K.L.:
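This structure is in structure tokens; I'll ask about it shortly.
Just so we're clear, the structure is a prediction, and the values are computed from it rather than from any experiment. Chain letters run A, B, ... following the sequence lines, proteins first and then strands; every chain starts at 1.
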Amino acid sequence: MSGRSTFYVTTPIYYVNDVPHIGHAYATLACDVIARFKRLDGYDVHFLTGTDEHGQKVEKAAAAAGLTPQAFTDKVSQSFRDLIGVMNFSPDGFIRTTEKRHYAACQALWEKLVAAGDIYLGKYAGWYSVRDEAFYADSETEVGTDGKRRAGPVGNEVEWVEEPSYFFKLSAWGDRLLEFYDKNPRFIAPESRRNEVISFVKGGLQDLSVSRTSFSWGIPVPGDPKHIMYVWLDALTNYITECGYPDESNPLWRFWPADLHIIGKDIIRFHCVFWPAFLMAAGVATPKRVFASGWWTTEGQKISKSLGNAIDPVAATAEFGLDPFRYFLLREVPFGNDGDFQRRALIGRLNADLANAYGNLCQRVLSIVAKSCGEKVPPKGTLVEADTALLDRATGLLAVVRAEFDEQAFHRALTSIWEVIADANRYVDAQAPWALAKTDPVRRDTVMWVLAETIRRVTLLVQPFMPDSTAKILDQLAVPAEARTFAAFDRELASGTTLPKPQGVFPRFVEPAAAAS
RNA sequence: GGGCCCGUAGUUCAGUGGUUAGAACGAGCCGCUCAUAACGGUUAUGUCGCAGGUUCGAAUCCUGCCGGGCCUACCA
């Protein structure tokens with residue numbers, strides 16, 4: 001393709017035994033905002049999401065629902081596809097592990113691992129939990145008062161299983177993984193997760209059972225189709241399937257290695273230990289960075305099915321608006337931390353940050369321009385120090401926000417942007433354009449130009465977070481579509497351009513009960 | 001058991017050796033009136049979890065304790 005730098009970002013692929021909730025929406029939102037930012041910044045971006053559809057759990061859930069596994073996964077996978085529209089995500093690809101191309105990629109990777117001598121046939125015996133799809137050591141299980149053996153006192157029921165299994169020689173990769181982490185300090189973020197992984201690997205690695213014979217809903221092992229590939233070997237491979245693996249002449253292969261895998265903190269081991277080991281063993285380049293996001297609680301409580309307190313993205317966006325919801329999720333909590341979803345906090349952000357600070361800034365500026373400047377971008381007169389100070393701060397944001405995005409520090413990026421919004425509000429008060437209207441209309445016009453131009457610069461940077469709302473604001477500034485990327489960051493508003501009638505973009509949120517009284 | 005992280009104003013957090021510990025939101029007061037009862041200015045609040053120690057000096061380093069979260073082999 002062109003000489004542009006590529007940027008490949010992925011969500012976890014979502015397991016289809018669950019309906020989409022805030023956790024899924026959150027991880028994908030983070031990827032979406034990054035993908036949008038990188039596109040605006042001129043990168044050749046590929047943004048992948050999808051669903052993980054194999055395994056014994058899915059096979060059983062399908063049977064329980066009276067459906068074939070394929071029909072069952074078709075249905076659930078669609079609910080994740082629907083989330084894209086609800087949240088206004090912008091993926092370039094949606095992968096399903098039940099696709100043909102994925103079978104081919106997994107089997108090709110398997111054969112590479114065999115050829116490299118990293119896979120051998122052995123036997124696995126142990127306590128197995130169907131529900132967990134996991135084996136447990138004898139010491140990890142105990143027999144309850146009902147006579148059933150469980151994985152821990154409150155775990156799921158386990159049964160003794162012995163089966164032939166292929167193993168991946170993970171035990172041989174400990175030192176090479178530690179060296180890899182050492183040479184790639186940015187590979188795992190945040191820092192505390194990196195510490196956990198390194199400590200885990202230093203504790204010693206055992207070979208990994210990578211096939212099952214106890215069920216059939218999965219990808220057959222090449223040459224030994226009684227064996228089904230371990231679901232994680234299957235699932236992780238999706239990231240290279242998308243790029244055409246093993247066909248390196250596929251045009252999408254230019255995106256590998258991935259720049260960023262965003263995942264939930266629960267699956268960090270698979271992505272930071274197994275995945276790089278598989279890839280190194282197969283002679284495939286390793287991804288550059290894995291970022292583990294935290295979990296959300298609701299009003300201080302753990303989200304659970306029994307409490308029924310899960311945040312439904314459809315309901316949340318319907319009540320508060322899509323963009324405010326997107327903004328809140330990334331502004332309220334430092335990315336990587338756990339977060340608490342509080343209604344009061346969301347309304348606070350919506351009113352204080354969006355309606356009052358940003359929305360009202362746009363409104364007060366645009367309405368003066370409409371009323372007093374003939375509905376045109378006013379003439380840019382001679383700039384004084386206060387003007388250039390504000391404009392320079394807005395311009396400086398681009399570099400600041402870029403740096404914060406490199407760390408996935410969305411909340412800090414937004415904080416920096418909102419500091420300039422506050423500066424702009426202070427500037428309005430200090431310049432008092434309503435007073436200048438009587439004493440010095442020329443100066444008033446310059447002040448209004450400075451403000452409109454500041455809003456333009458700020459809004460360009462807010463686009464990845466709130467694409468719809470910012471599009472409306474840029475429309476009101478008559479910024480043409482092709483001038484909305486960062487390449488056009490320095491393309492100032494042209495005086496004399498006709499502007500449409502201003503309209504509020506971020507209405508205040510009033511509790512329905514309060515509005516009624 | 002081992003390991004990692006955290007405990008700072010009503011709330012969410014920043015601050016990792018050095019002036020009277022900061023910000024935002026919320027609260028009070030004042031100003032302004034272009035604007036979405038928005039904006040600006042200003043005031044107030046904290047034994048920086050507890051107890052020791054190192055240091056000329058600690059929220060910041062060390063030790064112990066208390067409290068919370070997480071990881072500890074294959075569940076998103």
K.L.:
Tell me whether A/Gln503 at atom CD has more than 12 heavy atoms from other residues, nucleotides or ligands lying less than 6.0 Å away.
P.N.:
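Result for CD/A/Gln503: open.
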K.L.:
Under 3.5 Å, side chain of A/Thr459 to main-chain N/O of A/Leu474, donor-acceptor pair present?
P.N.:
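The answer is no, because no donor-acceptor pair under 3.5 Å joins these two groups.
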K.L.:
How many angstroms lie between atom OG1 of A/Thr11 and atom CG of A/Asp32, to the nearest 0.5 angstrom?
P.N.:
11.0 Å
K.L.:
I'd like the C1' distance from B/C62 over to B/U45, given in whole Å.
P.N.:
32 Å
K.L.:
So A/Leu366, base contact, sugar-phosphate only, or nothing? Heavy-atom distance under 4.0 Å.
P.N.:
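It contacts nothing in the nucleic acid.
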K.L.:
Measure the distance from NZ on A/Lys438 to C1' on B/U33 and round it to the nearest whole Å.
P.N.:
10 Å
K.L.:
Whole angstrom is fine here: how far is it from CD in A/Gln206 over to P in B/A73?
P.N.:
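Rounding to the nearest Å, CD of A/Gln206 and P of B/A73 are 9 Å apart.
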K.L.:
Taking the side chain of A/Pro12 as heavy atoms from C-beta outward, which of B/A76, B/A35, B/G40 is closest to it?
P.N.:
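Selected nucleotide: B/A76.
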K.L.:
From the set B/U36, B/A76, B/G3, return the single nucleotide nearest to any side-chain atom of A/Asn360.
P.N.:
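The answer is B/U36.
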K.L.:
Can you tell me, in whole Å, how much space there is between the P of B/A76 and that of B/G15?
P.N.:
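To the nearest whole Å, 33 Å.
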K.L.:
Establish, from distance only, whether the side-chain atoms of A/Ser209 and A/Ser165 form a donor-acceptor pair under 3.5 Å.
P.N.:
yes
K.L.:
Rounding to a whole Å, what distance do you find between A/Ile455:CD1 and B/C34:P?
P.N.:
17 Å
K.L.:
How many whole angstroms separate atom CZ of A/Arg344 from atom C1' of B/C25?
P.N.:
12 Å
K.L.:
Does a side-chain N or O of A/Lys371 approach OP1 or OP2 of B/A35 to a distance below 4.0 Å, or not?
P.N.:
yes
K.L.:
What integer distance in Å separates A/Asn351:CG from B/U36:P?
P.N.:
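Rounded to the whole Å, the gap is 15 Å.
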K.L.:
Students often get this wrong, so: under 4.0 angstrom with heavy atoms, is A/Ile267 touching a base, only sugar-phosphate, or nothing?
P.N.:
sugar-phosphate
K.L.:
For the side chain of A/Asn356, starting at C-beta, report the closest nucleotide among B/A73, B/C39, B/A76.
P.N.:
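Of B/A73, B/C39, B/A76, B/C39 is nearest to the side chain of A/Asn356.
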K.L.:
Whole-Å distance between B/A35 P and A/Leu451 CG?
P.N.:
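Atom-to-atom, A/Leu451 to B/A35, this comes out as 15 Å.
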K.L.:
Is any side-chain heavy atom of A/Pro276 closer than 4.5 Å to one of A/Phe180?
P.N.:
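In short, these two side chains touch, coming nearer than 4.5 Å.
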K.L.:
Run the numbers on A/Tyr327 and A/Trp418 for ring pair (Phe, Tyr, Trp, His ring centres under 6.0 Å), then give the verdict.
P.N.:
CA-CA 12 Å; A/Tyr327 173 81; A/Trp418 256 254; 5.1 Å; yes
K.L.:
In Å, rounded to the nearest 0.5 Å, how long is the span from CH2 of A/Trp232 to CZ of A/Phe278?
P.N.:
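If we round to the nearest 0.5 Å, A/Trp232:CH2 and A/Phe278:CZ are 10.5 Å apart.
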K.L.:
Which nucleotide in the list B/A73, B/C70, B/A35 gets nearest to the side chain of A/Leu205?
P.N.:
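So the side chain of A/Leu205 is nearest to B/A73.
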K.L.:
Base, sugar-phosphate, or nothing for A/Phe270, non-hydrogen atoms under 4.0 angstrom?
P.N.:
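Result for A/Phe270 = sugar-phosphate.
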K.L.:
By ring pair (Phe, Tyr, Trp, His ring centres under 6.0 Å), which residues pair with A/Phe335, not counting sequence neighbours?
P.N.:
A/Tyr26, A/Phe291, A/Phe410
K.L.:
Provide, to the nearest angstrom, the distance between the CD atom belonging to A/Gln342 and the C1' atom belonging to B/U12.
P.N.:
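It works out to 9 Å between those atoms.
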K.L.:
Salt bridge or not for A/Arg343 and A/Glu319, using N-O below 4.0 Å?
P.N.:
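Between A/Glu319 and A/Arg343 there is a salt bridge, with a charged N closer than 4.0 Å to a carboxylate O.
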K.L.:
Under 4.0 Å between any heavy atoms, over every strand shown, what does A/Arg508 touch: base, sugar-phosphate, or nothing? Just pick one.
P.N.:
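Base contact.
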K.L.:
On RNA chain B, nearest-nucleotide positions of A/Ala355 versus A/Ala352: which is more 5'?
P.N.:
A/Ala352
K.L.:
Would you indicate what A/Gly348 reaches in the nucleic acid, counting non-hydrogen atoms under 4.0 angstrom: base, sugar-phosphate, or nothing?
P.N.:
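A/Gly348: no heavy atom of the nucleic acid under 4.0 Å.
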K.L.:
Can you run through RNA chain B from 5' to 3' and write each base as (, ), [, ], | or . depending on how it pairs? Watson-Crick or G-U wobble, both distances under 3.5 Å.
P.N.:
((((((((.[[[[.)..(...]]]].(((((.......))))).....[[[[[..)....]]]]])))))))....
K.L.:
In terms of side-chain heavy atoms of A/Asp266, which of B/U33, B/A76, B/C39 is nearest?
P.N.:
B/A76
K.L.:
Which nucleotide in the list B/C34, B/A76, B/C39 gets nearest to the side chain of A/His24?
P.N.:
B/A76
K.L.:
Just to be sure I understand the rule, does A/Arg193 reach a base, reach only the sugar-phosphate, or reach nothing, if contact means heavy atoms closer than 4.0 Å?
P.N.:
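Result for A/Arg193 = sugar-phosphate.
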K.L.:
Looking only at side-chain atoms of A/Lys57, point me to the closest of B/G3, B/A38, B/C75.
P.N.:
B/C75
K.L.:
The side chain of A/Trp434 lies closest to which of these nucleotides: B/C39, B/A35, B/C34?
P.N.:
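For A/Trp434, the side-chain atoms sit closest to B/C34.
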K.L.:
For A/Val369, answer base if it contacts any base atom (sugar-phosphate contacts may also be present), sugar-phosphate if it contacts only those atoms, and nothing otherwise; contact means non-hydrogen atoms under 4.0 Å.
P.N.:
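No contact.
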K.L.:
Out of B/A76, B/C70, B/C34, which has the shortest distance to the side chain of A/Tyr15?
P.N.:
B/A76
K.L.:
Does A/Arg412 put a side-chain nitrogen or oxygen below 4.0 Å from OP1 or OP2 of B/A14?
P.N.:
no
K.L.:
A/Glu332 has an atom CD; how far is it from atom P of B/U12, in whole Å?
P.N.:
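Whole-Å distance recorded here is 10 Å.
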K.L.:
Between A/Asn195 and A/Leu361, which residue's closest nucleotide on RNA chain B lies nearer the 5′ terminus?
P.N.:
A/Asn195
K.L.:
Suppose you measure atom P in B/A44 against the same atom in B/G10; what distance do you get, rounded to whole Å?
P.N.:
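Result for the P pair: 15 Å, nearest Å.
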